[in-house]
Amino acid sequence: MSPAWIAVVAVGAGTFALKAVGPVGVSGRRLPGRLQSLLELIAPAILAALVVSETFGRGRGLALDARLLGVAFGLVAVALRAPLWAIVLAGACGTALARLVS
Amino acid sequence: LPAAAALGASFGVLARTAHLGALAAVVMSATTFAGSAQVAAVSVLGAGGGVAAAVGAALLLNARYAPIGISVAQSFRGRVVTRLAQAQLVVDESWALAGGGTARFDRRVMLGVGGTLWIGWVGGTALGALAGKAVGDPSSFGLDGAFAALFVALLVAQLSDRTRVTTAAAGAAIAALLIPFVPAGIPIIAASTAVLVGWRRGT
């Protein structure tokens, strides 16, 4: 199996299990409050790291480039309470625009 | 539906640039059905990171589905197989639109929204993966910046209190410090330790 397929299968199986935990495993029970809050904090931590790596990461290094304008456009769309697809489109337009003029 | 299809198409194009075949991209959308984790895994692979790092980053991002699923567990009824299948339609959008987090979670709304999004997402991925070669260099369309903006939008939606803001700031700092020194994907996984910062603050 190629690395890509291994990733596809592993992520698929893992996500399947994570989604199933509640509806199949623990119906009626609750997690301890501390564990619950710990699990809920993972998403903001990981998403912030992804913002950094997708905006500034270039190979083994950090770079300021066209993606920064894309993120700025995206933030404007977020502030305007635009739907998700429009925010993503704004990100693409900002980045493409910056590449066009540079 | 069109919005999910458009995002799915972008994922399909991204998957091709990361040397994921069209079939692998569609299978991933159909089985994982969690856009942010899929983009994370494929970005790590595309940046030359290892499989373990890609899978680890994606599954950490999806760890939130455990508490989300538990919060709505009581509304799921029927046989285990039915519940197992229906649980896969829980995504952020279907959970929120069905009143997740409130006392009045409507499983039928969740299934309707989730099912519609699934069709759009998988169909869009197929379109993007198949048409990906024809559109030329995706970076000239700003595809990389589009995914950066996607993560910004998802992050902003998560910043509902100060503990979460602190945790996110710590996660961003960890990633920025590590990116120059370790292979792609590892900084994302390491950023999960930021939960300890927010957790101590919150308790």
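Chain naming here is simple, since letters A, B, ... match the order of the sequence lines and numbering starts at 1 in each.
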Peer 1: Under 4.5 Å heavy-atom distance to chain A, tell me which part of B:Phe181 shows up: side chain, backbone, both or neither.
Peer 2: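 Interface part for B:Phe181: backbone (N, CA, C, O).
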Peer 1: Is B:Ala37 close to chain A through its backbone or its side chain, or both, or neither, when contacts mean heavy atoms under 4.5 Å?
Peer 2: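 The answer is neither part of B:Ala37.
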Peer 1: With no hydrogens and no angle check, is any side-chain donor or acceptor of A:Lys19 less than 3.5 Å from a backbone partner on B:Val90?
Peer 2: yes
Peer 1: Treating B:Arg83 as the side-chain partner and A:Pro23 as the backbone partner, does any N or O pair qualify as donor plus acceptor under 3.5 Å?
Peer 2: yes
Peer 1: Please flag which part of A:Val78 lies under 4.5 Å from any non-hydrogen atom of chain B: side chain, backbone, both or neither.
Peer 2: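 It is the side chain, since no backbone atom gets that close.
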Peer 1: Can you list every pair that meets side chain to side chain donor-acceptor pair (under 3.5 Å) and has a residue in residues 17-34 of chain B, with sequence neighbours left out?
Peer 2: B:Ser29-B:Gln38, B:Ser29-B:Trp121, B:Ser29-B:Thr125
Peer 1: Is it the backbone or the side chain of B:Pro183 that comes under 4.5 Å from a heavy atom of chain A, or both, or neither?
Peer 2: both
Peer 1: Between A:Ala66 and chain B, with a heavy-atom cut-off of 4.5 Å, which part of the residue counts as in contact: side chain, backbone, both or neither?
Peer 2: neither
Peer 1: Side chain, backbone, both or neither: which part of A:Phe16 has a non-hydrogen atom closer than 4.5 Å to chain B?
Peer 2: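 Contact with chain B is through both the backbone and side chain of A:Phe16.
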Peer 1: Taking side chain as everything from C-beta outward and backbone as N, CA, C, O, which of these in B:Ala6 sits under 4.5 Å from a heavy atom of chain A? Side chain, backbone, both or neither.
Peer 2: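 Neither; nothing under 4.5 Å.
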Peer 1: Counting heavy-atom pairs closer than 4.5 Å to chain B, which one of A:Gly12, A:Gly70, A:Gly94, A:Gly74 comes out on top?
Peer 2: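 Most pairs with chain B among the choices: A:Gly12.
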Peer 1: Can you pull the side chain to side chain donor-acceptor pair (under 3.5 Å) pairs that have at least one residue in residues 3-18 of chain A, sequence neighbours excluded?
Peer 2: A:Thr15-B:Asn62
Peer 1: Which atoms of B:Ala24 come close to chain A, meaning under 4.5 Å heavy atom to heavy atom: side chain ones, backbone ones, both, or neither?
Peer 2: both
Peer 1: Examine whether an atom of B:Leu45 lies under 4.5 Å from a heavy atom of chain A, and if so say whether it belongs to the side chain, the backbone or both; otherwise answer neither.
Peer 2: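 Side chain only.
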Peer 1: Can you say whether B:Thr82 sits under 4.5 Å from chain A via the side chain, the backbone, both, or neither, judging by heavy atoms?
Peer 2: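 Neither the backbone nor the side chain of B:Thr82 comes within 4.5 Å of chain A.
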Peer 1: Just how far is it from atom CZ of B:Arg164 to atom CG of A:Leu41, taken to the nearest 0.5 Å?
Peer 2: 6.0 Å
Peer 1: Got a second to check how far B:Asp144's CG is from A:Thr55's OG1, nearest 0.5 Å?
Peer 2: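 B:Asp144 CG to A:Thr55 OG1: 9.5 Å, rounded to 0.5 Å.
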Peer 1: Going through the checks in order, is the side-chain contact (heavy atoms from CB on, under 4.5 Å) test met by B:Ile179 and A:Arg58?
Peer 2: CA-CA 9 Å; B:Ile179 284 172; A:Arg58 187 192 285 161; over 6 Å; no
Peer 1: Can you list the residues that meet the side-chain contact (heavy atoms from CB on, under 4.5 Å) rule with A:Ala4, with sequence neighbours excluded?
Peer 2: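 side-chain contact (heavy atoms from CB on, under 4.5 Å) list for A:Ala4, sorted by chain: A:Ser2, B:Leu20.
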Peer 1: Using the rule given for side-chain contact (heavy atoms from CB on, under 4.5 Å), can you reason through A:Val11 versus B:Met28, listing the C-alpha separation, both sets of side-chain angles and the distance that settles it, and then say yes or no?
Peer 2: CA-CA 8 Å; A:Val11 173; B:Met28 191 180 210; 4.0 Å; yes
Peer 1: Quick check on B:Ser192 against chain A: is it the side chain, the backbone, both or neither that has a heavy atom closer than 4.5 Å?
Peer 2: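 For B:Ser192, the contact with chain A is made by backbone and side chain together.
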Peer 1: By a 4.5 Å heavy-atom criterion (distance strictly below it), what part of B:Leu150 contacts chain A: side chain, backbone, both, or neither?
Peer 2: both
Peer 1: Just checking heavy atoms, which of residues 95-102 of chain A are less than 4.5 Å from chain B?
Peer 2: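 The stretch touches chain B at A:Thr95, A:Ala96, A:Arg99.
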